[in-house]
Structure formats: structure tokens, C-alpha cells
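Notes to accompany the following structure.
Naming convention: chains lettered A, B, ... in sequence-line order (proteins, then strands); numbering from 1 in each chain.
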Amino acid sequence: MEFSELIRTGRAEAFLLPGPGQSPVRGTLCITSHHLLLSAGHGSPSDLWLLLRNVDAVEKRAAGNSGTITLKCKDLNVLQLEIEGLEETLDIAGSIEALSSLESVTTSYPFFYRPQSLKLGEAEDLHPPDHFYQQVALETNGWRLSTVNRDFNVCASYPPALVVPRGIGDEVLARSARFRQGGRFPVLCYYHSINGTVMLRSSQPLQGANRRRCAEDEELLKAALALGGGRGLVLDTRSAQAVKQARITGGGTEAKAAYSGWKRLHRPLERGRPLQDSFVRLVEACTDPSLSMDRWLSRLDGCRWLTHVKEALTIACLAAQGMDREGVCILVHGAEGTDVTLLVTSLTQLILDPKCRTLRGFQSLLEREWIQAGHPFQQRCAHSAYAQGRPKHEAPIFLLFLDCVWQLSRQFPLSLEFGEGMLLALFEHAYASPFGTFLCNSEKERYLCEVKTKTHSLWSSLNQSKERKRLCNPIYSPNPLALWPSVEPQSLQLWAGLFLRWTRPPEPAQEAWEQLWKIVTEREVADPL
Amino acid sequence: MEFAELIKTPRVDNVVLHRPFYPAVEGTLCLTGHHLILSSRQDNTEELWLLHSNIDSIEKRFVGSLGTIIIKCKDLRIIQLDIPGMEECLNIASSIEALSTLDSITLMYPFFYRPMFEVVEDGWHTFLPEREFELFSSVTNEWRLSYVNKDFTVCPSYPPIVTVPSCIDDEALRKVATFRHGGRFPVLSYYHKKNGMVMIRSSQPLTGTNGRRCKEDEKLINATLRAGKRGYVIDTRSLNVAQQARAKGGGFEQEAHYPQWRRIHKSIERYHILQESLIKLVEACNDQSHNMDRWLSKLEASNWLTHIKEILTTACLAAQCIDREGASVLIHGTEGTDSTLQVTSLAQIILEPRCRTIRGFEALIEREWLQAGHPFQQRCAQSAYSNSKQKWEAPVFFLFLDCVWQILRQFPCSFEFNEHFLILLFEHSYASQFGTFLGNNESERCKLKLQQKTMSLWSWVNRPSELSKFINPLFEANSLVIWPSVAPQSLQLWEGVFLRWNRSSKYLDEAYEEMTNIIEYNKELQAKVNTLRRQLAELETEDGMQESP
């Protein structure tokens with residue numbers, strides 16, 4: 001297929017209406033395969049340069065001989081364009097709709113994006129599994145790096161290398177995988193070096209209505225428990241009721257009798273459709289300009305987003321507390337083990353491990369616990385809060401994670417090396433990006449699409465020094481302790497920097513931030529020590 | 001009356017104190033005329049030193065012979081004392097109750113407080129009306145100072161000196177005063193130098209049901225307009241409430257009699273509605289149920305943020321009329337001592353950069369709250385924990401401080417003072433060792449001889465060592481008008497006050513300190529650079545002189 005077939009009118013005269021934080025632009029509008037460009041000519045700085053992938057919904061309205069197109073973007077920005085000519089308006093709207101909803105990965109923009117400052121194939125590889133294993137191996141020799149999944153045959157959503165108990169052979173892993181949904185057998189995701197307890201994650205065991213068991217799976221968890229101190233806790237992110245229902249369709253959870261030493265706790269977290277609805281309703285409330293205080297607060301309450309934030313943080317704290325204070329090993333899973341499971345394991349690591357709170361450490365946490373761990377970004381982030389039509393697999397799990405991290409950064413302003421800018425950038429890139437990092441749903445798909453050799457990595461770009469200022473926290477000072485956030489509802493706030501970013505100009509607060517940065521940078525120049 | 005009569009048990013040993021953020025401590029409890037003191041015997045330092053007047057309510061409980069007193073303070077803190085012995089506990093509780101609700105002002109602590117610091121500048125004479133007047137009298141002669149109220153006979157809630165149009169004589173003012181509720185005739189509140197527009201304030205006109213008029217009042221109000229200009233009357237009550245007021249002799253300016261003025265009605269709540277709102281909000285903040293839905297719906301039900309939004313919206317409207325429309329405004333509600341002052345003072349913070357400096361903000365509070373006759377004594381007699389239904393309490397000034405905090409949060413570089421300064425003012429308006437917030441108006445303060453018998457809060461706070469705590473390190477003078485967003489999404493709960501005792505601010509304080517250090521260090525380096533540059537320039541000129549023959 002050729003892009004040009006989809007572009008019915010490539011060019012028109014247009015006017016971009018001013019909005020909060022958006023200066024007006026009048027000029028020529030061009031639609032290319034991947035971008036919408038609106039230029040006043042002479043490369044003026046206010047030119048609009050919009051990645052079409054970022055468009056979530058297109059609305060068009062005709063009035064006489066011209067038309068208005070409203071572009072609702074995945075980063076929650078809303079742009080209004082007035083276009084001369086009725087036919088042009090319809091054609092341009094149609095082209096944007098078609099180009100922004102292309103599903104083919106290999107024709108997406110990252111496969112064409114070639115910035116001068118980066119060279120393909122020279123991205124520094126974060127090698128998460130290997131690097132993670134080396135870190136663990138420094139502390140204990142109880143674990144090994146298994147390549148049982150090197151051809152993605154054992155588990156399609158796992159990376160090729162995984163950390164498992166040393167005493168467990170690959171054939172045991174393969175058998176355990178057959179007993180777990182999607183083949184996601186239990187693997188090590190965090191080693192708590194202070195007391196040697198461990199966190200594992202997996203998907204649900206395929207217990208079924210007749211309570212099937214799997215000796216190898218039991219052996220695997222027994223071995224992990226022996227390495228981690230003998231007491232274990234299975235954190236099931238579904239309610240007991242939901243587990244009962246899962247059994248009917250072949251799923252289930254760890255039976256106490258089969259896994260000695262492991263206790264089980266059900267802590268339900270919202271996922272899927274309800275979470276997406278919550279996001280949509282929150283954004284609706286945030287962008288409604290005509291609300292009274294009562295209506296605003298009751299809609300904020302009604303959308304339940306902050307409840308989800310609170311629940312996620314509470315469970316992460318529970319897991320962290322279990323490991324750090326009570327010396328218990330934790331196994332986290334829900335059903336697939338690719339969504340809220342990762343939310344819990346990654347937040348727990350941020351709470352416990354100071355290494356995850358540096359810029360690099362956070363990137364490798366994301367790479368290891370989200371990207372390589374098989375969070376289906378392509379499905380979950382296909383649409384953001386504005387898309388019409390029934391969502392299929394969309395859910396803002398990753399956004400919920402970023403929001404929880406933001407809450408942490410607000411409560412511990414010195415302890416994270418990265419700032420709000422980093423979290424905003426991650427949100428934007430997860431939904432629409434010129435980089436390949438968040439493409440596809442798993443390592444296997446990325447391998448088949450040759451993402452690593454044909455696209456640039458977001459991390460390479462973020463780690464260029466000119467970006468650091470936007471991403472880093474100027475007042476960072478390393479904190480070796482665990483961060484115990486307050487999860488009382490009164491302590492949690494709406495993330496205004498994200499949800500109100502386009503409706504409420506952040507200039508004065510932004511200014512304060514920039515001022516602080518200026519000063520810190522000047523100090524570094526003046527005083528290299 | 002002697003305090004000793006009220007103190008049945010002055011001293012109890014083995015009392016255990018529980019309070020936020022500290023481990024429980026055992027010590028000796030002492031009651032004095034004005035303080036509750038607990039000192040642990042280990043190292044003889046006072047663990048707690050609490051003003052009785054800061055106590056809002058107390059509760060007592062018994063388990064066997066061990067009594068527990070829960071003390072809820074006006075600054076919203078809650079502490080608990082475990083007292084062995086039922087009799088001691090009952091005695092202590094009844095003494096605290098009596099001492100924290102003394103009727104006589106002259107028995108209050110400010111009359112006994114002897115400062116341990118040197119007074120550099122007497123706060124009672126720091127902000128004089130004459131000096132405030134000089135700030136704009138050089139650019140206009142349309143206004144004059146009037147001493148018509150010098151013995152408080154024309155208006156008991158006004159100060160002796162007020163600013164009025166030059167062309168209106170004192171005789172006319174006396175007549176106007178009889179036509180305005182409580183004698184509060186229209187006076188100048190703010191002069192906008194940029195375009196010469198003004199904000200004036202008053203109480204409601206006493207038009208009554210038969211539409212009474214007062215020629216002098218009409219003349220006075222028109223005298224505040226420049227030729228050909230129009231003005232806006234912003235009534236802080238809804239049209240409905242204003243119409244009802246007529247039945248009780250009050251009313252509002254009829255268009256027919258004030259043809260150059262357009263009237264706008266806003267509705268800012270007052271009295272017990274605000275007090276109930278505060279009580280509900282604090283109860284919600286102390287709710288321990290860990291339920292997000294419950295918290296948000298309680299926050300909503302308290303209506304506190306709705307009040308904030310209404311007040312800020314009205315202040316923005318007034319500022320807009322002056323700055324954007326180039327019109328003068330007259331602000332009043334009923335008495336003109338509550339919502340009127342919220343609006344006039346906030347409008348000045350929006351319009352006038354000087355009001356965003358520490359000195360300017362102090363002057364604003366002195367001018368628009370203390371001298372303007374906001375009844376602090378009545379409004380701040382009780383705070384959020386009071387059980388008794390009293391009629392006059394209302395967190396009017398507290399709401400004003402919250403509104404300032406909202407603007408400060410939106411414009412973090414535009415204020416010379418920080419959040420701590422606002423918290424300090426909140427605390428001292430409810431309970432203080434200083435005389436500044438005593439009494440309901442200047443007349444009462446004069447009779448109490450506060451200037452001679454008590455210390456001013458400003459004397460203490462304006463000393464450099466104290467002031468440094470309240471300086472905003474990010475401040476950069478901003479000479480512009482600042483327009484706050486009043487969208488509900490932009491307004492937030494003031495955590496620094498309402499959640500202050502519920503969660504530790506340790507990490508936030510550390511971050512703030514780090515930021516301050518960085519900025520201080522930067523200033524030092526800048527100074528060093530400037531010195532070196534100067535030296536370099538000097539050396540270059542010397543070189544030049546040596547080279548030239």
C-alpha cells in the first residue's frame with residue numbers, strides 16, 4: 001500500500017486557532033505520510049508539526065465555503081484548524097483519519113525517522129535481563145540466567161533470557177510454562193539485597209474447574225522460596241470471586257495445599273475496560289470549561305481515577321512492606337500477568353530500591369518490567385481518552401503507573417533523579433512516538449519487525465545531554481532508604497501537569513522550575529566540584 | 001479575678017503527652033494563667049508550651065482511674081494528655097476549659113506578654129494612614145484625608161482617618177454615614193495609578209422598602225468618577241438577598257438614583273455557613289477511613305473550595321473592571337466588614353505588585369482588615385473544633401488567606417513572602433501573644449490601649465532574623481497585574497494548613513530548604529563574579545593608563 005493513496009488533498013490554506021499554550025498560526029497546511037505540517041513560511045518557530053499517530057479523534061464541521069477540523073490528540077491536546085474550501089476540509093479530515101489509524105508497525109514513522117544526531121544500531125543496549133542477572137549474581141549464586149525462551153517458543157510474551165532458581169532446569173520451566181496462562185512461568189523480577197527476599201511474577205496457573213496441579217510449577221516456586229528465606233506470599237491482583245470465575249474458563253490461583261510455605265492474599269485492582277472508562281471520564285471532566293466546584297469534585301470522584309491510583313500504591317506498599325519489614329517473598333500475578341502485575345512489581349521496586357530512582361535506573365526498570373516483560377503497549381495505547389468507538393484492548397495501565405510515580409515524586413521531592421518532564425515524555429512516547437521503544441506488544445514481535453535494527457531507541461535520545469534539563473530533577477539527592485508514600489486519600493492529588501496541561505496554562509509554575517534549573521546549572525558551571 | 005481561682009490543680013506528675021509526629025513523652029504538666037506546659041523530667045526542657053487561647057475544645061475520657069484529655073487547638077492540631085488520677089484529670093480539664101474561654105480581653109495573654117527581643121521598629125507605628133496616602137497623593141489631588149471620625153462617633157467600626165473625595169466636606173460625610181449601615185460611608189480602598197481608577201467600599205445603603213434616597217450619598221459616589229466615566233457597584237450578595245435586606249431597612253443602590261453606575265450581584269456566603277463549611281472540611285481532612293470516594297465527596301460537601309472560587313471570582317471581577325474596563329468600582333455587601341474586605345484586599349493583590357511584598361502585604365492587612373474594622377475578636381473566637389453554636393464566628397480572614405495561597409501557588413515567583421507567612425497570620429488571628437488581632441475595630445483597640453499595653457505582631461515579625469523565615473526564595477518582582485485561574489480544576493486544598501498535623505512535611509521541607517540553599521549560594525557566587533568583574537575592569541584601566549605615554 002502506498003501512503004499517497006490515502007492522501008486525498010495534500011495541501012490547503014489553514015488557520016490554527018489559538019488555545020491555552022498554543023499561539024495561532026496562519027499558513028499552508030501539508031499532509032505527509034506521517035505528519036501534519038502547518039507553516040506560516042520561512043520556518044517560523046510557531047509552525048505546527050504534528051505526528052499523525054498522535055491524533056486520537058478527528059471532528060469536522062462545515063460552515064459555508066470553509067470548514068473546521070478539531071484534532072484531539074493522544075497527549076490530550078486539542079487543536080482547532082480552520083480550512084479554506086469545503087472539499088479540502090473533508091479530504092484533509094479523511095486523510096488524517098486514515099493515516100492516523102494505520103495498524104501496520106513496519107510502515108509506522110519510527111521506521112522512517114532518521115535524526116542526524118543518532119546512528120542506527122549504535123543505541124546503547126540496556127541489556128536488562130543480563131544486566132539484571134549480573135546485579136543479582138553479585139549478591140547470591142542461587143539464581144541463573146535461563147535461555148529456555150530464546151526462540152520465544154516457551155512463552156511468546158517473555159524475552160529470550162529470564163532469571164530463575166539455579167536448581168531448576170529448563171525442562172522444568174517448560175513444563176511450568178504449560179501450566180501458566182500464555183506460558184508466563186514464575187520468574188525473578190527483584191532481589192532485595194538487604195535481607196535476600198525476592199519478588200517473582202507470573203500469570204495465573206491453569207488450575208481449571210477440576211483443580212489441576214503441576215509438580216514442576218510447585219517445584220519451581222518451592223525452590224524460589226527456599227532461596228528467599230522460606231516464607232512466601234502470593235499477591236493475586238484479582239478478587240477471590242474473580243478467581244472463582246477464572247477457574248471456570250481454565251484459570252485459577254495457587255492452591256494452599258499444593259504450595260506449602262506460600263500464603264495467598266487477594267487485592268483486586270481495576271484493569272481493562274473500567275480503567276479506560278475511568279481515564280476517559282477524568283479527561284472529560286478536566287476539559288469541561290463550564291463546571292461549578294461541586295460538579296467538578298463530584299465528577300473527579302465519579303471517574304474513580306484517584307481511587308485506582310490509591311489502590312495501586314497501596315498494593316505496592318503492601319508488597320514492599322512484606323519484603324522489607326517481614327522478610328516475606330512475594331509472587332505477583334493476576335490473570336495474564338502483563339498489566340497490573342507489572343504495575344505492582346515496578347512500583348514496589350521504586351519504593352524499595354534507590355537504584356531505580358536514578359534516570360538510568362528508571363529507564364532500565366521500564367525496559368525490564370514493562371517493555372521486555374511483555375506489556376502489550378501496542379494494544380493498550382492504541383487510543384487515548386478521546387477516541388470514539390468501542391475500545392478493544394485499550395487501557396491506561398502504563399499511565400496509571402506514571403501517575404503513581406508522580407505521586408511518589410510529589411511526596412519525596414528530593415529522592416527521584418528524574419522530574420515531571422520525564423514522566424510526561426514517557427506518556428507521550430507510549431502513545432505516539434518517532435522512536436521504536438514502545439512499538440509492538442512483546443519482544444517476539446519486536447524481533448520479527450526488526451525494531452531494534454530499523455528504529456531508534458527513545459533512551460538514546462533521552463540520554464543526550466540537551467534533553468536532561470527537561471527530564472531531571474534539579475534538587476535530586478540520593479536517598480538510600482525505602483520511600484513509604486502516604487496512601488491516604490487526602491495525600492493523593494490530581495496530576496495537574498498531565499491532565500490539566502492543555503487547559504490550564506502552566507506558565508508561572510513552569511517559570512519557577514526553569515528559574516531553579518538556571519540557577520543549578522549556573523552553579524555547576526561556576527563550581528565544577 | 002485571679003487566675004489562681006481557676007487553677008485547682010496547678011501541677012500533675014507522670015502525665016503522658018501524645019501529639020503529631022513525636023513519640024509519646026512522659027512529664028510534669030503545669031497550668032499557668034495563660035499556658036499549658038508539659039516538661040519531661042529527664043532534661044528539663046519544655047516539651048509543650050500551649051496558649052490556653054489556642055484551645056478550641058476539649059474532651060475527656062476515663063479508663064479506670066486513668067483519665068485522658070483530648071485537646072483540639074484552633075491551629076487545627078490535636079493533642080492528647082493521659083493523666084493518672086481521676087480528680088486531677090477533672091480539675092485540669094475544668095481549668096483548661098475556664099482559662100481558654102475567658103471573657104475579658106484585658107486578661108488575655110498579650111496584656112501580660114513581655115517580649116524577650118529588642119524592638120527595632122514599633123509595629124504599632126509602622127503603617128500609618130498618612131504614609132499610605134502619600135503613596136498616591138503625589139499623582140492626584142482628587143482625594144483627601146478626612147478626620148471626621150477622629151473620636152469614632154460618625155462610624156464606630158472605621159478608623160479615625162479615612163480617604164474621601166476632595167470635593168466632599170466632612171458635613172456631607174456625616175449625612176452619608178446616617179444613610180449607610182453602621183455608618184460605613186463610602187471610602188477609598190485602592191487607587192490604581194495606571195489609569196486613575198479607584199476601588200471604594202462601604203456598607204449597604206439604608207434604602208428600606210420605600211426607596212429612601214440620600215443626595216449627599218449620590219454626590220459622594222459620583223464624585224469618585226471622572227467626567228464621562230461609568231462605574232460598577234459590586235454587591236457581594238445575590239439580588240434575592242439584597243432585596244430581602246430592604247425589608248430590614250437595608251438595600252442597594254437603585255439605578256434611577258445612581259445613573260452612572262451599573263450594579264452586579266455576586267453571592268459570597270457569610271457567617272455560620274462559612275463556619276459550618278470549615279468544620280466539615282476539617283472533619284473530612286481528619287477522616288481516617290482511607291476511602292477515596294468518601295474523601296472526595298466530603299471535600300465536595302464541605303463547600304470550602306466553592307467559597308474560595310466565589311471569592312476569587314468576585315475579586316477578579318473587581319480587578320477586571322478597574323484594569324481592563326477602566327471603570328471605578330464600589331464594593332459592599334451588608335455590613336461591609338467581611339466579604340467586602342475579602343474582595344477589596346484580593347483585588348489589590350491581583351492589581352498592585354506592592355501588595356505582594358512582605359511590607360506591602362502587612363500594610364494591606366493593616367489597612368483593609370484591621371483598620372477597616374473586620375471584627376477579628378468575634379470572627380476568630382472559635383475555630384473548626386468548637387461545639388457551641390455561637391453566632392459570630394466565621395473564617396472570613398482564613399478564607400482570604402486561603403485565596404492568597406491559591407494565587408501564590410499559581411504565581412510562585414510573584415510573591416516576596418512564602419506559605420509560612422500565611423500560616424503564621426492564620427495562627428495569630430486565632431491565638432497570639434501579640435495585640436494586633438485583638439478587638440473588633442480601631443475604636444475598641446483604642447479603648448483597650450493596645451498600643452501601650454501590648455506588643456504588635458509586626459514588631460516581632462519584621463526583625464531580620466524572623467523575617468528571613470518568610471522570604472520566598474523564588475521571588476522576582478513582577479510589576480504586572482496577575483490574573484489567577486478560578487476554574488475549579490485550578491483550585492486546590494491548602495494542604496499546608498489543613499493536612500499539616502495529619503502527615504509529616506519532612507520531605508517537602510527538606511526540598512524547600514535545598515532549593516533555598518541553592519538560590520542563596522547562587523546569589524553569593526553572583527556577588528563574587530561582580531566583584532571580580534569590577535577588579536578586572538579596574539586592572540584594565542590601570543593597564544591602559546600605564547601604556548599611554
So, are [X] and [Y] salt-bridged, with charged N and O less than 4.0 Å apart?
| X | Y | result |
| --- | --- | --- |
| A:D277 | A:R281 | no |
| B:K266 | B:E310 | no |
| A:R295 | A:D288 | no |

Heavy-atom pairs under 4.5 Å with chain A are the metric here; pick the option from B:D287, B:V529, B:L493 that has the most.
->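 Top count of heavy-atom pairs under 4.5 Å with chain A: B:D287.
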Options B:E510, B:Q288, B:R503, ranked by heavy-atom pairs under 4.5 Å with chain A, top entry =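 Result: the option with the highest number of such pairs is B:R503.
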Part of [X] within contact of chain A (heavy atom distance under 4.5 Å):
| X | answer |
| --- | --- |
| B:A301 | neither |
| B:L508 | both |
| B:N303 | side chain |

Can you tell me which portion of [X] sits under 4.5 Å from chain B's heavy atoms? Options are side chain, backbone, both or neither.
| X | result |
| --- | --- |
| A:Q493 | side chain |
| A:T307 | both |
| A:S292 | backbone |

Give a yes or no on whether the ring-centroid distance for A:F412 and B:Y507 is below 6.0 angstrom.
->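 For A:F412 and B:Y507, the ring centres are under 6.0 Å apart.
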Using the benzene-type ring in the case of Trp, are the ring centres of B:F475 and B:F415 under 6.0 Å apart?
->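 Judged by ring-centre distance (under 6.0 Å), B:F475 and B:F415 do not meet the cut-off.
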Check the pair B:F398, B:F498 against ring pair (Phe, Tyr, Trp, His ring centres under 6.0 Å), reporting the backbone distance first and the verdict last.
-> CA-CA 11 Å; B:F398 191 0; B:F498 292 107; 5.3 Å; yes
